[in-house]
Amino acid sequence: MFAQDNQTNSNTPSPKKLEAVTVTGSLIPQTQIETFTPTTTITSQELKARGFSSVADALQQMTFSTGSVQNSQTTNTFTPGAKTLSLFGLPVGYVKYLIDGRPMSSFSALYNSTDVFTNLNTIPTDLVDHIDILPGGQSTLYGSDAIAGVVNIVMKKKIDAPVIDVRYGWDQQGGGASRHISFADGFSFGKLNLLVGAQFENTQPVWSKDRSLTSHFFENGTSPATASRDYLVYNSDTRNNYLMMDPNHCALTTGQFNGTEGLRNRERFGEYCGSFYSPGQSTLSNGSKTANVYTHATFDVNDNVQLYSDVMLNFDREKYSPGSSVLWWGTNSKYGYIYDPNLDDFINFQKAFSPEEAGGFQNIMYKTYERNYTFTFGAKGALGASNWEYDAFAMHAEDKLNEMNFARFTEPMEAFFANRVLGPDLGPDPYGFGFSTFQPNYAAFYTPISNADFRTFTGYTSTQSKTWQNVGRVTLTNPSLFQMPGGDAGVAFLLEGGNEGWDYSPDSRLLSGDVWGASAVQGAGHRSRYAAATEWRLPLLSQLTMSASARYDAFNVAGATVSKPTYSVGLEYRPFDMLLLRARYGTSFKAPTLADEFQGESSSYVSPTDYYNCAKLGYDAAVAPISCPAKYNGASVIAVQSGNPSLKPISASNWSAGLVFSPVSRMALSMDFYHWNIKDEVSAQNPDQILLQEAACRLGQLDINSPSCVAAINQVTRNAKGDITEIYTPKVNVSNEVLDAISAGFNYSFGIGRFGELNTNLAYTDILQHKQQMYAGDPYVDLLRSPYYSTDFKTKLNASLTWKLDDWSATLYATRYGKSPNYLATLDLATPYQQPGEGTLPAWVIYNASVSYSPISNLKLSFVVDNLFNTMPPADNSYPGTSLSPYNQYNYNVFGRTFFLEANYKFGK
């Protein structure tokens with residue numbers, strides 16, 4: 001605060017207080033830029049200069065985003081068309097996303113079929129003013145979900161003149177070409193001010209065949225490259241169980257997969273027809289079309305009342321291909337095994353469909369259509385001549401999704417291959433095992449089918465889903481309620497209410513078994529909620545300020561109420577102008593989501609490794625996924641999950657402490673420590689993890705009487721022969737999770753004389769501790785040193801250097817991802833990093849560069865290169881030769897160098 005002299009002069013203007021503004025992380029308008037809540041801001045100029053083509057791209061490269069997440073490369077998942085992030089390695093649903101301080105709607109589909117999250121695809125980048133990121137629990141101001149942090153995307157509110165922006169991008173190695181155009185303008189009609197903006201973008205997909213590392217099976221791994229098993233007959237023997245039954249020895253198949261199909265021999269298994277290049281038929285990044293419209297309007301009723309309205313309309317269409325690995329037919333699904341009397345053997349067929357049979361994989365891509373809109377109407381102003389200010393609004397937001405997934409229909413496909421290959425069912429096998437008897441036409445099996453035949457049993461399913469929310473909020477603030485020794489005390493009160501709903505209605509054929517090898521999540525529910533909060537800012541001394549806030553949230557759902565109070569206390573101490581010491585303690589929570597409570601029982605087919613049976617055959621966990629016989633490795637098993645109405649809210653306590661040091665003008669150094677203690681987390685268990693743990697329990701590697709062993713064994717259903725028939729993967733409340741992290745930042749801007757100005761920026765995050773207790777009574781799992789459970793980065797660093805001189809500017813931006821476990825280490829549950837071949841991968845550094853020039857004052861031309869040195873993921877030779885993509889797709893990508901040309905023109909002066 002500025003001190004005022006008691007003596008005034010009529011000719012001297014009275015000193016004025018610095019104008020207070022509302023900032024993210026506080027309801028009370030204030031003048032301080034740095035407070036007890038660490039805040040990172042990314043401006044619209046930085047979005048462009050650092051090579052970020054989207055809001056999602058910018059947030060995913062933050063140092064706080066250390067967690068591994070699904071993305072467009074992981075196409076065989078539930079949400080490959082959406083983008084999200086994991087702050088500090090915490091679940092994706094632990095981030096609260098806001099637009100102008102108001103909650104964004106949830107994506108209609110569930111992350112990994114279990115978790116509610118926000119899709120960042122629908123935000124028009126060119127209409128963003130800046131993004132504020134608040135790490136740490138923030139529930140006392142923002143309610144449920146704000147455990148890991150808050151991301152507030154602030155949209156532009158004023159544009160001086162019409163502006164158009166055009167951008168074209170392309171990938172050096174092929175695919176990914178993009179076209180982008182946006183337009184915005186501002187209008188004034190007396191007391192009415194209006195901003196209107198629109199953005200459109202069209203991006204081509206990147207296919208696996210466009211990149212050398214993913215176009216074919218891995219050649220430098222722990223085993224020789226192994227071609228895909230596209231035409232395969234096999235029996236139940238543990239070795240040499242591939243039977244070459246083609247009299248032409250694959251001669252008729254050689255035109256498939258772009259002429260790469262042929263006779264192959266897999267060591268210890270036998271001969272079959274396959275291709276080394278079938279991995280190239282999947283996409284690495286989606287083909288997409290997005291369209292956004294945004295308007296912001298204000299109307300000044302009088303000096304004390306301003307009405308405002310925001311409208312945001314978004315459309316997003318994504319196209320992708322999971323590839324041939326999920327497009328196949330086999331007898332195992334329906335029959336288990338069939339008996340061939342001519343062979344006197346029990347066998348199975350497996351056939352992958354080729355691009356030639358499918359009419360080109362680019363013509364059968366999966367598609368998602370998302371329509372998202374938000375309407376807000378409010379009023380804000382002052383109460384008379386007092387210091388009290390109010391802001392009241394009502395908002396409706398809705399997200400609708402249509403998933404058009406390519407499907408093989410069960411009855412038509414089974415009938416086709418019964419007529420073409422199997423022939424009539426001749427009754428039970430003579431040994432009394434209950435398998436059906438056939439005399440197959442092997443020549444027909446090894447003959448490719450026509451595209452016309454392929455279309456007789458394939459098509460699309462249509463799954464409709466939506467989320468919606470209605471929110472009403474009133475905030476009353478007074479930044480100068482009364483005087484304290486250190487200055488004006490401020491206060492804010494908040495009342496909020498509303499309701500929300502979720503409805504996921506899959507194509508009925510996915511639930512009835514009419515779609516071969518697929519099922520779906522289902523569920524619907526709604527609830528109402530209300531909240532009350534208060535915040536106080538108390539300058540105890542001129543150098544010491546305390547902030548305190550408390551909030552109460554309640555959710556009325558299915559005749560019951562789930563409620564949670566939260567609170568927070570923060571201190572700011574400024575011993576002298578250049579130093580701020582800060583600390584904060586608070587609580588946060590996440591209510592069970594509608595999907596957590598109302599997800600109907602649904603099943604999916606998984607192809608896990610039966611580690612227990614593999615171990616009995618002599619294959620330990622490290623080699624079982626590679627060498628264990630097909631009967632216990634990759635066989636289809638039903639996984640069942642459902643909502644759990646008895647789930648408790650997730651609760652967390654969190655504290656942080658740090659400093660901001662600014663020794664000279666335009667320089668600042670910050671460092672903060674964060675701690676979380678999270679209880680009763682909700683997560684769906686991983687089938688592979690359950691089976692690995694079940695095996696360790698049955699084999700005596702873990703205490704079979706421990707709570708986790710009892711649970712794991714009960715969740716795996718086996719038949720009389722000991723084969724897995726079903727895995728139950730429920731949503732459960734995890735007992736505890738503890739996380740410690742530090743973050744540091746450095747900014748310095750300085751002149752270099754006639755050569756212009758330099759701006760440096762550094763940011764660093766280090767996860768010091770991250771451990772999780774799965775069940776009460778179990779030991780903690782150290783997620784930083786247990787790669788089976790987590791492959792998150794421990795450290796992450798950003799650095800940028802920007803040069804400006806008159807009409808020129810240039811930026812070099814680097815992101816350094818720390819070490820991560822290699823593939824073999826992720827398979828070792830008991831003794832990670834101790835077996836031969838297990839280890840870590842080196843750090844991965846990506847550079848972006850940009851240069852811009854304004855030949856005239858109205859025009860700005862830019863050239864951006866992402867991944868300047870075309871850096872590929874660290875080589876991981878611990879992957880086997882059966883790998884389609886020999887790198888961790890949750891951590892790395894192979895997109896390589898990308899170029900963008902952009903022109904921004906502002907009309908008028």
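- Ring-plane geometry between Tyr504 and Trp502 is classed as parallel, the angle between the planes falling under 30 degrees on a 0 to 90 degree scale with a further cut at 60.
- Figure legend: cation-pi geometry between Arg551 and Tyr567 absent, as NZ or CZ is not positioned both under 6.0 Å from the six-membered ring centre and within 45° of its axis.
- Distance alone, capped at 3.5 Å, is enough to place a donor-acceptor pair between the Gln199 side chain and the Asp126 backbone.
- A salt bridge links Arg666 to Glu757: one of the charged nitrogens lies within less than 4.0 Å of a carboxylate oxygen.
- Salt-bridge check for Lys156 with Asp129: failed, with every basic side-chain N at 4.0 Å or more from each acidic carboxylate O.
- A salt bridge is defined here as a Lys NZ or Arg NE, NH1 or NH2 lying under 4.0 Å from an Asp or Glu carboxylate O, and Asp100 with Lys157 meets this definition.
- With respect to the salt-bridge test (charged N to carboxylate O, under 4.0 angstrom), the residues Asp672 and Arg582 qualify.
- Using a 4.0 Å cut-off between charged side-chain N and carboxylate O, Glu370 and Lys466 make no salt bridge.
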Evaluate side chain to side chain contact (heavy atoms under 4.5 Å, CB included) for Met395 paired with Phe375, printing each intermediate quantity in order.
-> CA-CA 6 Å; Met395 182 192 80; Phe375 299 107; over 6 Å; no
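- Checking Thr290 against Asp316 by side-chain atom types alone, no donor-acceptor pair falls below 3.5 Å.
- Under a 4.0 Å N-O distance rule, the pair Arg371/Glu398 does not qualify as a salt bridge.
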Does the side chain to side chain contact (heavy atoms under 4.5 Å, CB included) test come out yes or no for Lys96 and Met104, once each step is laid out?
-> CA-CA 8 Å; Lys96 186 79 170 186; Met104 290 181 63; over 6 Å; no
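- Using a 4.5 Å cut-off on side-chain heavy atoms (C-beta onward), Ile650 and Tyr94 make contact.
- No hydrogens or angles considered: nothing links the side chains of Asn759 and Thr802 as a donor-acceptor pair under 3.5 Å.
- Each of Asn292, Asn121, Asn314 was evaluated against Asn372; a single residue qualifies, Asn314, per the side chain to side chain contact (heavy atoms under 4.5 Å, CB included) test.
- Here the options are Thr118, Val92, Asn119, Val116, the test is side chain to side chain contact (heavy atoms under 4.5 Å, CB included), and the partner is Tyr111; only Val92 passes.
- In this structure, Leu544 CG and Leu541 CG are separated by 5.5 Å, a value rounded to the nearest 0.5 Å.
- In this structure, Arg574 pairs ionically with Glu572, as a charged nitrogen and a carboxylate oxygen lie closer than 4.0 Å.
- Rounding to the nearest 0.5 angstrom, the gap separating the OH atom in Tyr390 from the NZ atom in Lys380 is 10.5 Å.
- Between Phe555 and Phe589, the ring planes lie perpendicular to each other; the angle is over 60°, past the 30° to 60° tilted range.
- A salt bridge between Lys48 and Asp165 is present, with a side-chain N of the basic residue lying under 4.0 Å from a carboxylate O of the acidic one.
- Every residue two or more places apart in sequence or in another chain that forms a side-chain contact (heavy atoms from CB on, under 4.5 Å) with Val196 is listed here: Phe187, Leu194, Thr295.
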Report the C-alpha separation of Asn152 and Tyr97 in whole Å, then their side-chain angles, then the decisive distance to 0.1 Å, and conclude whether the side chain to side chain contact (heavy atoms under 4.5 Å, CB included) test is met.
-> CA-CA 6 Å; Asn152 185 25; Tyr97 294 94; over 6 Å; no
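- Side-chain atoms of Thr368 and Arg317 form no donor-acceptor pair, as typed in the model, at a separation below 3.5 Å.
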When you look at Ile99 and Thr374, which way does the side chain to side chain contact (heavy atoms under 4.5 Å, CB included) test go after all the steps?
-> CA-CA 10 Å; Ile99 291 186; Thr374 303; over 6 Å; no
